[in-house]
Amino acid sequence: MSITTIRGMSDVLPDESGRWRWVEERARALFHAFGYDEIRTPILERTELFVRSLGESTDVVEKEMYTFATGSGESLTLRPEGTASVVRSFVQHALAQRGPANRLYYLGPMFRHERPQKGRSRQFHQIGAEVLGAGSPEADVEIIAMLWAFLGEIGVDGIQLELTSLGDAACRPAYLERLRNFAESRVGELCENCTRRRLTNPLRILDCKVEGCRKALADAPLMTEHLCEPCRTHHGGVERLLAALGIPFVANPRIVRGLDYYVRTAFEVTTDRLGAQNAVAGGGRYDGLIASFGGPDAPGVGFAMGLERVLELAAPTPAAAPPVFLASHGDESRRAAFGLAHRLRLGGVRVETSLEPTSMKSQMRRAQKLGCATVLMIGESELAAGTVRIKDMTSGAEEDAARDVDALLARLARAPSGA
RNA sequence: GUGGGUGUAGCUCAGUCGGUUAGAGCGCCAGGUUGUGGCCCUGGAGGUCGCCGGUUCGAACCCGGUCACUCACCCCA
């Protein structure tokens, strides 16, 4: 084998692509019911878009982006997440003019240059949704409810919804100061990582897994205890609405988001079944991001879920209808069968045939292997009679029927296999 | 970027103390009645033993290097 996929990027082979399609189609259908429309943005964007939206000192921007320069010296980046592009598009095309709130979803590949491991690859796929232009708790809860409903629909279990508020520009700076001071007072007890992080990204020390840090920070001040009045009201509204919809959540004031743009609501859907990775989906509110890109002062909230991770946890894929096999014997029969297969296919039936002249035995074996419930056969006698033999693979019964496309289509639609 | 584990057929894996032509199961292809599946039987295709170098009369096996995959750290979807 000479040329292979590059590290961290994999093929989705025919045996698994049906599962991907199932999940994607269920998402589209449900999101549609919630009033969301798809938005498709380019996979490649100007590097600046991500640097400015995600934050210069985030891990994603600092070390995980696939960035390269074009011949003319522009710096481009393969998107590491979806929200930045949606916001860019919202501003560029003045989508605020479409109405008070834009409900959008997207789906597709994202790229981060990390060391691959279980549940983490360099090209991965996300399905995400955003509400742009609505700042109410209802918007947050609608999007969480949609996410939660989707995960339930495809049979993902063993998950929990974690929720917190990250405050906003009015209350977060003062809180961060308080947290820094607290960390400073315990600096001797912190791990090496946290000793450094207390300056660069103090929130991060709150979810450190090192035992010593957990103890040292057990009574650290929490953002949720220091929210300003508007943030507190908003957060209370979110919790109340979630409860009203019967969506179970656990308050986790130590949730840390990897991207700088989040304010107020932040949430995560977690599991303990994905190896070291525990996030299935995550999201939150990002009021201010749109304005910072020159758009209207519109608030926004959204989520993204990792498709590979969801695929890992979802129920088995529902079985697809098996094809009908059209077997033939003899050159002339083959030509007749070739034409019939074409017309049946135009009628929407999935028809398998042998593309080479092979024995009836071999064709039957193939049909068996494919799980066909019905096999159509054309040989010398059927050719002469203008009929087709229909075999029921379960009972083994055979009968002859007129070689009439409409009649066959009607019949196959009723049969256990076919359209 | 750092550490651990693993690399033999499409897949899962055997392979003795270093020994002659590298195996099994599954899968794939064909055949076992003249136009008929499953079970069974027979045959066939398919290998740079990850790669490079070293030790040796001789290496899948021992040594060094390297690459890939994988798990974990870090971080996240």
Side-chain angles (χ1 to χ4, degrees), chain A residues 1-2 4-8 10 13 15 54 58-64 79-83 107-128 147 151 159 191-194 196-197 201 204 207-210 255-259 267-271 274-284 302-313 325 327-330 333-334 337 354 356-383 389-398:
Chain A
M1 188 175 323
S2 48
T4 60
T5 51
I6 60 181
R7 188 182 188 76
S10 51
L13 300 176
D15 285 346
L54 309 191
T58 55
D59 277 18
V60 171
V61 168
E62 276 185 346
K63 51 191 189 194
E64 297 174 2
R79 65 179 183 194
E81 60 104 49
T83 301
L107 133 193
M110 307 293 164
F111 302 84
R112 293 185 196 173
H113 191 105
E114 303 177 87
R115 195 74 174 262
Q117 68 184 75
K118 190 175 179 60
R120 194 175 78 183
S121 53
R122 290 181 172 180
Q123 174 175 333
F124 60 104
H125 298 76
Q126 287 187 335
I127 302 181
L147 170 63
L151 293 172
I159 51 174
C191 71
E192 198 179 324
N193 248 326
C194 287
R196 175 170 43 80
R197 291 196 288 217
N201 194 348
R204 185 79 48 233
D207 75 338
C208 184
K209 289 154 198 145
V210 176
I255 290 180
V256 176
R257 307 271 58 212
L259 314 177
F267 56 89
E268 220 162 71
V269 176
T270 57
T271 179
L274 282 176
Q277 261 48 251
N278 69 346
V280 176
F303 70 76
M305 71 183 128
L307 193 41
E308 285 85 351
R309 294 181 183 182
V310 163
L311 251 10
E312 191 87 10
L313 301 171
F325 199 98
S328 63
H329 182 260
S333 302
R334 267 182 67 74
S354 165
E356 307 288 341
T358 56
S359 68
M360 190 57 85
K361 180 195 206 76
S362 140
Q363 293 177 74
M364 291 303 292
R365 276 186 176 156
R366 188 76 202 144
Q368 171 72 33
K369 171 159 272 326
L370 293 170
C372 299
T374 304
V375 173
L376 305 180
M377 285 177 273
I378 299 179
E380 280 83 8
S381 55
E382 291 80 12
L383 189 66
R389 177 156 294 197
I390 302 174
K391 174 161 185 154
D392 180 319
M393 292 294 275
T394 310
S395 66
E398 296 182 15

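Lettering of chains follows the sequences in order, A, B, ..., and the numbering in each one begins at 1. Everything numeric in this text was worked out from a predicted model, so none of it was measured.
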**Q** On the nucleotide B:G37, are OP1 or OP2 found under 4.0 Å from the side-chain N or O atoms that A:Lys361 carries?
**A** yes

**Q** By the 4.0 Å heavy-atom rule, please label A:Met110 as base, sugar-phosphate, or nothing.
**A** nothing

**Q** Would you mind telling me which of B:A77, B:G32, B:C69 lies closest to the side-chain atoms of A:Arg365?
**A** B:G32

**Q** Does A:Arg7 put a side-chain nitrogen or oxygen below 4.0 Å from OP1 or OP2 of B:C69?
**A** yes

**Q** Which part of the nucleic acid does A:Ser381 contact within heavy-atom distance under 4.0 Å: base, sugar-phosphate only, or nothing?
**A** base

**Q** Under 4.0 Å, heavy atoms only, any strand: does A:Gln277 hit a base, just the sugar-phosphate, or nothing?
**A** base

**Q** OP1 or OP2 of B:C73 sitting under 4.0 Å from any side-chain N/O of A:Gln117?
**A** yes

**Q** Taking atom types as they are modelled, would you say the side chain of A:Glu398 forms a donor-acceptor pair with the base of B:U36 within the 3.5 Å cutoff?
**A** yes

**Q** How is A:Ser359 classified with respect to the nucleic acid when contacts are heavy atoms under 4.0 Å: base, sugar-phosphate, or nothing?
**A** sugar-phosphate

**Q** Over all strands shown, is A:Ala367 touching base, sugar-phosphate only, or nothing at heavy-atom distances under 4.0 angstrom?
**A** nothing

**Q** Defining pairs by Watson-Crick or G-U wobble geometry with both distances under 3.5 Å, how would you list the stems of RNA chain B with at least three pairs each?
**A** B:1-7 with B:67-73, B:10-13 with B:23-26, B:28-32 with B:40-44, B:50-54 with B:62-66

**Q** Using a cut-off of 4.0 Å on non-hydrogen atoms, how would the nucleic acid contact of A:Glu382 be classed: base, sugar-phosphate, or nothing?
**A** base

